[in-house]
4 protein chains.
Amino acid sequence: MAVSTAAFNEGRVPQRGRPRDASRDDALRQAALEVMAEVGYRALTMDAVAARARAGKATIYRRWESKLDLVIDTCTQLATQNLAAPDTGSLAGDLREFLSSFAAFLSGPIGKAAQALVGELPHEPELAAAFRETFLISQRDVLRGILDRAAERGELRADAPRGMAVEIAGAALIYRLMLTGDPLDEPFVEKVVEQVLLPLVRVS
Amino acid sequence: MAVSTAAFNEGRVPQRGRPRDASRDDALRQAALEVMAEVGYRALTMDAVAARARAGKATIYRRWESKLDLVIDTCTQLATQNLAAPDTGSLAGDLREFLSSFAAFLSGPIGKAAQALVGELPHEPELAAAFRETFLISQRDVLRGILDRAAERGELRADAPRGMAVEIAGAALIYRLMLTGDPLDEPFVEKVVEQVLLPLVRVS
Amino acid sequence: MAVSTAAFNEGRVPQRGRPRDASRDDALRQAALEVMAEVGYRALTMDAVAARARAGKATIYRRWESKLDLVIDTCTQLATQNLAAPDTGSLAGDLREFLSSFAAFLSGPIGKAAQALVGELPHEPELAAAFRETFLISQRDVLRGILDRAAERGELRADAPRGMAVEIAGAALIYRLMLTGDPLDEPFVEKVVEQVLLPLVRVS
Amino acid sequence: MAVSTAAFNEGRVPQRGRPRDASRDDALRQAALEVMAEVGYRALTMDAVAARARAGKATIYRRWESKLDLVIDTCTQLATQNLAAPDTGSLAGDLREFLSSFAAFLSGPIGKAAQALVGELPHEPELAAAFRETFLISQRDVLRGILDRAAERGELRADAPRGMAVEIAGAALIYRLMLTGDPLDEPFVEKVVEQVLLPLVRVS
DNA sequence: CGTTAAACGAGACGGTACGTCGAGTCTTTCG
DNA sequence: CGAAAGACTCGACGTACCGTCTCGTTTAACG
């Protein structure tokens, strides 16, 4: 399986020949992201990505196995840098801060790219796994942590359906992003937190 | 713009020449649905659809402008027959019944097809409009009706966020279907109704 | 086998329903000839012929089996009216007159049409037979008659190779028409008669 | 304009990218010749040629602009290797030898291919030029050379119509080949030489 | 510091599907 | 029933993109 340069170089101490140019990875990912943002996943062609990065197609295929692989990696790369766990000291504050930053993140090109991938999930198990790991699990874990810390502080009811709350939080954002197309703005996040999430789990 | 036979014939009173064979529409839609269920949207080819329906490709392109157009119409055709408004006499009953049938509907081939289309929405405004009309608005209206009737019966709090409840109901199902891949089964529907929707809007 | 109207009506005494409109034959042949002269045989389409004659394609196929059949018939129709045997009283005069009129005939649209058909002869036995009957045999017979009458008048050598003379006469014209593209004008005909044909067969 | 590899590579000293595989030219020409011999020009499809040569269609279109272009080039390639000027020391011998070998050449697949092209000449000036250069001029020049050498040896009459003799020689063969379909055998060549060409130009 | 081997840009390669068009057939309405 | 209209199946067209391959060139690490 092809892998991008960072993983490729790992543990390859005595390399002979010209080493891979790590800067091509970024150029290609950048090109892929731009093309995807412009024309979508389906209309993205490897030739277009190669041309935009002034690279040969072989240079792409040396690093990624397929269009899908390239796109996944491109998104993942960006996604994993954007999910910091907030700590404002209160459940409401943590939720607002995290969902706001997640909403902003999804509203950018990554969100569009993610949407473009959704249609491929049922027929691409590897993609599905990577996608869920990147876009779902990590976000879910942060939310779960927020709730757990709130529970320690005594902010949650004993029988609060934490799993459901996490799922609903993600669903609300994704649904807007991908299905209705309505904006993921501050008022919406506020309403989700106030009207749905807090009543769902909070004491009294 | 190409249109399928029903719309094409409308208002064409004294048609000259051989009329379009309306039965070809169904055969082609059926073939498209089968192929899509087997190989997914991306791998669906017009040649495959034509061959399965024993039709010429021109016959397809006479009715639909593109693969996307064909798939949209195929899904819409089936979708619009499946969203009956229940009336059990209670909010909980209505929600359970409707969400159960909607979940069953989405778990079939239509759900897969719908998912395949999501990735195309941002770059296909016409598709987006048709998709939302078919999959979102009609479902939203039924849910809205359920809540309104519950309100008349006095089952809802005065300040119940009905719009948000409707959105969350749809989001919960779609999120599972398309993103997490978890099953849309009865227990899940039950939990959504009991833990999320009813607390959100019901009195006391 | 489809046949054009004249042959079709023959022996159809008590015909039922609307009789075939014989004028459509001519209109279609005329259209075919025009289209062929404009774009050649290969680029001639049945739709174009039908459109030019303001006829339906079925009307064509009711009379001719195929594009080839239509074109053959069109040419034959015109060809059979143009090969009158001359009688000037002398071999030289007869040859000049006949070859001149044949050259003029070939220089018109029929010549172009005939050329268009040549490429089809090896793979279309029926066409080949019809073509030879129309364009070769009838012309050959007239030439043969001219030589025979000259022989009766004592203008030919006893051992004159009449068959070869006939073949050379046709070949000379056809070769120019179809291969070299040089003009089939009076000086050329004159040279063929004076320099080739007369020396070949004439006494002294 | 697309051109086959030899012409393409000429003057492309510092070629970028993978060079064209010249052996594909031959494979494709061979395939084209075979298909043409089997089914004729009209029924020859690019798909069939590509399949037989195990090539992609793009590989064909990269080298030749069209079916016609491919066929012309295929024939030209073969034609230019087959017209050696004989030198038996006598006019009769030279004529017999050359016309025999030319007749044999035309009786093979090239003759069929040439015939297939004749119908296209009026509407394809480039083809016409190439065709005449290959099939007419070169053959005409050889014949002209034979006559000129015979003249130097004093075998020709002073006023012998050499141009006409050359034309008649070509016409006699082509006419049989393409129009009458009669065989181009030795007896025929012999008769053309003895009965027509020699009397036309030889002394006494 | 020259050799060497892999990475690089470029683009040809065998394939597959595209959307269009023409051939010949079939099915309507109208006369 | 004939004729015009045009939808039908079938199959070839020429193009575009896929993922692979071969070129000539570049670039480090090795010797």
Side-chain angles (χ1 to χ4, degrees), chain A residues 2 5 8 13-22 24 43-48 50-51 53-67, chain B residues 5 8 14-22 24 43-48 50-51 53-63 65-67, chain C residues 2 5 15-21 24 42-48 50-51 53-68, chain D residues 5 8 14-21 24 42-48 50-51 53-63 65-67:
Chain A
T5 302
F8 177 75
V13 185
Q15 50 190 326
R16 300 256 297 176
R18 177 176 175 175
R20 283 209 193 153
D21 181 349
R24 305 315 285 137
L44 175 147
T45 71
M46 296 305 248
D47 291 271
R54 292 197 63 79
K57 277 197 291 179
T59 301
I60 303 182
Y61 283 104
R62 207 172 285 123
R63 291 146 198 266
W64 298 281
E65 293 212 305
S66 65
K67 174 172 151 175
Chain B
T5 302
F8 178 75
Q15 49 189 327
R16 306 246 292 174
R18 175 175 178 176
R20 291 220 186 137
D21 182 348
R24 304 315 286 133
L44 175 148
T45 72
M46 296 305 243
D47 290 270
R54 286 199 66 80
K57 277 195 290 180
T59 300
I60 302 182
Y61 284 105
R62 207 175 285 122
R63 292 146 197 267
E65 294 211 306
S66 64
K67 176 171 150 177
Chain C
T5 302
Q15 45 190 323
R16 304 243 301 172
R18 177 173 175 177
R20 282 208 193 155
D21 181 348
R24 304 314 289 134
R42 274 198 29 246
L44 175 149
T45 71
M46 296 304 250
D47 291 271
R54 294 197 61 80
K57 277 197 291 180
T59 302
I60 302 182
Y61 282 104
R62 207 173 285 121
R63 292 146 199 265
W64 297 280
E65 294 212 306
S66 66
K67 175 172 152 176
L68 209 49
Chain D
T5 302
F8 177 75
Q15 47 189 331
R16 309 241 289 175
R18 177 176 176 175
R20 291 217 187 141
D21 182 349
R24 305 315 287 135
R42 270 198 32 242
L44 176 149
T45 70
M46 296 305 243
D47 290 271
R54 289 198 66 78
K57 277 197 288 180
T59 300
I60 303 183
Y61 284 106
R62 210 174 283 124
R63 292 145 197 265
E65 294 211 305
S66 64
K67 176 172 148 175

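Labels below follow one simple rule: chain letters A, B, ... track the order of the sequence lines, proteins then strands, and each chain is numbered from 1.
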[X], nearest nucleotide to its side chain (from [options]):
| X | options | result |
| --- | --- | --- |
| B:D47 | E:dC18, E:dG22, E:dT25 | E:dC18 |
| C:R62 | E:dG22, F:dA3, E:dC18 | F:dA3 |
| B:A55 | F:dT9, F:dA3, E:dC8 | F:dT9 |

Whole-Å gap separating [atom2] ([N]) and [atom1] ([X]):
| X | N | atom1 | atom2 | answer |
| --- | --- | --- | --- | --- |
| B:I60 | E:dA17 | CD1 | P | 14 Å |
| A:D21 | E:dG9 | CG | C1' | 13 Å |
| D:R42 | E:dG22 | CZ | C1' | 12 Å |
| C:E65 | E:dA23 | CD | C1' | 14 Å |
| C:Y61 | F:dG6 | OH | C1' | 14 Å |

Once you apply a heavy-atom cut-off of 4.0 Å, does [X] come out as touching a base, just sugar-phosphate, or nothing?
| X | result |
| --- | --- |
| D:A48 | nothing |
| C:K67 | sugar-phosphate |
| C:L68 | nothing |
| A:T59 | sugar-phosphate |
| B:S66 | nothing |

Here the gap from C:E65 atom CD to C:L68 atom CG, rounded to the nearest 0.5 Å, amounts to 10.5 Å

Kindly say if [X] contacts the phosphate of [N], meaning a side-chain N or O under 4.0 Å from OP1 or OP2.
| X | N | result |
| --- | --- | --- |
| C:R24 | F:dG2 | no |
| A:R18 | F:dA29 | no |
| D:R16 | F:dC23 | no |

Residues passing the side-chain contact (heavy atoms from CB on, under 4.5 Å) test with D:K57, sequence neighbours excluded, are D:M46, D:D47, D:A50, D:Y61

Residue pair D:K57/A:A58 against DNA chain E: nearer the 5' end by closest nucleotide is A:A58

Heavy-atom nearest nucleotide on DNA chain E taken for D:R54 and for B:T45; more 5' hit belongs to D:R54

- Message: Under a 3.5 Å distance rule, please check whether A:R20 uses its side chain to pair with a backbone N or O of A:R62 as donor and acceptor.
- Response: yes

The residue, B:G56 or D:M46, whose nearest nucleotide of DNA chain F is more 5′ is B:G56

For B:R24, the side chain to side chain donor-acceptor pair (under 3.5 Å) test, sequence neighbours excluded, returns none

